[in-house]
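Only one structure is covered here, and it is reproduced in the block below.
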Amino acid sequence: MTLPSDKGGAGLSAADYDAFCRFLRERTGLSFTEAKRYFVDRRVTERMAAVGVEHVRQYLNLLRFQASGEELQLLVNRMTVNETYFFREMYQLDCLVNAALDEVVSGRAPGSRVRIWSAGCATGEEPYSIAITLLERWNRVDDFEIELYASDIDSHVLARAREGIYEQRSLQAMPRDLIAKYFTRLDDQTWQIMEELRDSIDFSLVNIADPQQMANFRGIDVIFCRNLLIYFDDLGRREAASMFYDALSPNGFVCLGHSESMSRMSSLFVPRRFPDAILYQKPQS
Amino acid sequence: MALVKARKIDGAKPGSVEEGGDPLAWLEDADPARRRRAAHALGERPDAVPALSARLAREEDPSVRETLLTALVRTGTAAAAAALVPHLVSEDVGLRNGVIESLQQMPAAVVMPEVAPLLTAADSDLRIFAAQLVGKLPHPDRLDLLAGVIDRDPHVNVCLSAVEALMDSGDPAALPVVERLGARFPDDPFVAFSVDAARRLFSGA
């Protein structure tokens, strides 16, 4: 998940902006500073016009008290912009199949489950990249039953992820032979990932700032959460790290983005330096 | 194919209803995972601050300790800040560091009244922690309080902690204060080094 970097502009009063940011932080974990003011203003103004509300406080009340939560979901969808591509930050996928998974399954009987979760999966490039990397390059892939989970807070991108249709730009880092093997060409510009892969991943709408929703994730072996927590404040990152800890099996791993460090979020994990990447491991006990 | 259809995760379904009862009671459970879930659940309950703090003093499991600290930070009240401060004198370095980080993440308005008095504590180590903390708090009194330490504290290491915190602020107004420390400890080579470093920092050299 990524956010754009609009600057300048103002619409909400300082008090309203502060109230909005606190509300979004509490409900979604997303943290917006003063530097994002124009960005927030613009999207709130758009949504207020769409629902026909004139005053910011009325709109905030709608977000707070609407039983269905539909408007909050629509606003969150507008606040999050998703742009990624297949095989992004490939070094961690290398690490997964070259070292981390072998350690995860050490001592496990053949046929047992391995669970991998892509948190903040946006339009699906990451979980599908994980799936293809496993199938192509992990030499024990047939020894285990591998469950892939993918989640995002944005319902629109999840729908696109389930559909699995991508343009050339998303496939730029992917070898031609793998495109031919796993995708169907729809027209000059678009490809769709094969049905078998689409059906193998469980895509779900999850707010990782919500402890109740996070409580459904247990026994996960590897969590990919790349370039998502940078949009959380210090406390939000710390809480997310704590919830990842609960979701992971002992010795499970967290993969963060290249500019992120767990040591600045939480002391719960042990950094593990592999030849391809640094991952963060939940201790055995 | 080795990929199997993952069991459906339902994001809307409450996940911890099976616990039942009051999470305060689970704080003393023998199972660390249950204590961690209790701390999670108590993070928005101001009435739980005394229990969270009491458990923190006894807790030996690092994952539970981290969750207890996070719960107190999330509570974000003056009472939560006051409950954390006594742990600054703990002999346990991990706990002390966790408390310092936690106080830094709480609202400055509730932390400063609890931490500022520690700048004159009898224990010089506590004064050093307090200077480090005050330096990190986005509070309007921060620079004046650190300047007071530099002008008055008898212990050079406490003064140097305040200098470091002032230099982190990046405010050029701090330079005359740092230079006054040179006059207080003219024979201390590390003070001379720090004053020189501050001059270079604030002159942009």
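Below, chains carry the letters A, B, ... as their sequence lines are ordered, and counting in each starts from 1.
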For [X], does the [atom1] atom have more than 12 heavy-atom neighbours from other residues, nucleotides or ligands under 6.0 Å away?
| X | atom1 | value |
| --- | --- | --- |
| A:Q192 | CD | yes |
| B:F193 | CZ | no |
| A:E136 | CD | yes |

Problem set entry | Spatial distance of atom CG (B:L3) from atom CG (A:L135) [nearest 0.5 Å] |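 It is 4.5 Å, given to the nearest 0.5 Å.
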Exercise. Between atom CG of A:D234 and atom CD of B:E101, what is the distance when rounded to the nearest 0.5 Å?
Worked result: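 One gets 9.5 Å once the value is rounded to the nearest 0.5 Å.
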Exercise. With no hydrogens and no angle check, do the side chains of B:R65 and A:S267 hold a donor and an acceptor under 3.5 Å apart?
Worked result: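 B:R65 vs A:S267: no donor-acceptor pair found between side chains.
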Exercise. If contact means a heavy atom pair closer than 4.5 Å, which residues of residues 104-137 of chain B contact chain A?
Worked result: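 Those residues of residues 104-137 of chain B which have a heavy atom under 4.5 Å from chain A are B:Q105.
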Exercise. Applying a criterion of heavy atom separation less than 4.5 Å, what residues of residues 49-56 of chain B form contacts with chain A?
Worked result: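 The stretch does not come within 4.5 Å of chain A.
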Problem set entry | Which atoms of B:R74 approach chain A - backbone, side chain, both or neither, heavy atom under 4.5 Å |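 Backbone plus side chain of B:R74, per the 4.5 Å heavy-atom cut-off to chain A.
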Report yes if some heavy atom in the side chain of [X] is under 4.5 Å from a heavy atom in the side chain of [Y]; otherwise report no.
| X | Y | value |
| --- | --- | --- |
| B:E66 | A:S242 | no |
| B:H40 | A:M243 | yes |
| A:R238 | B:S102 | yes |

Exercise. Using non-hydrogen atoms only, which part of A:S151 is less than 4.5 Å away from chain B: side chain, backbone, both, or neither?
Worked result: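 Contact with chain B involves no heavy atom of A:S151 at all.
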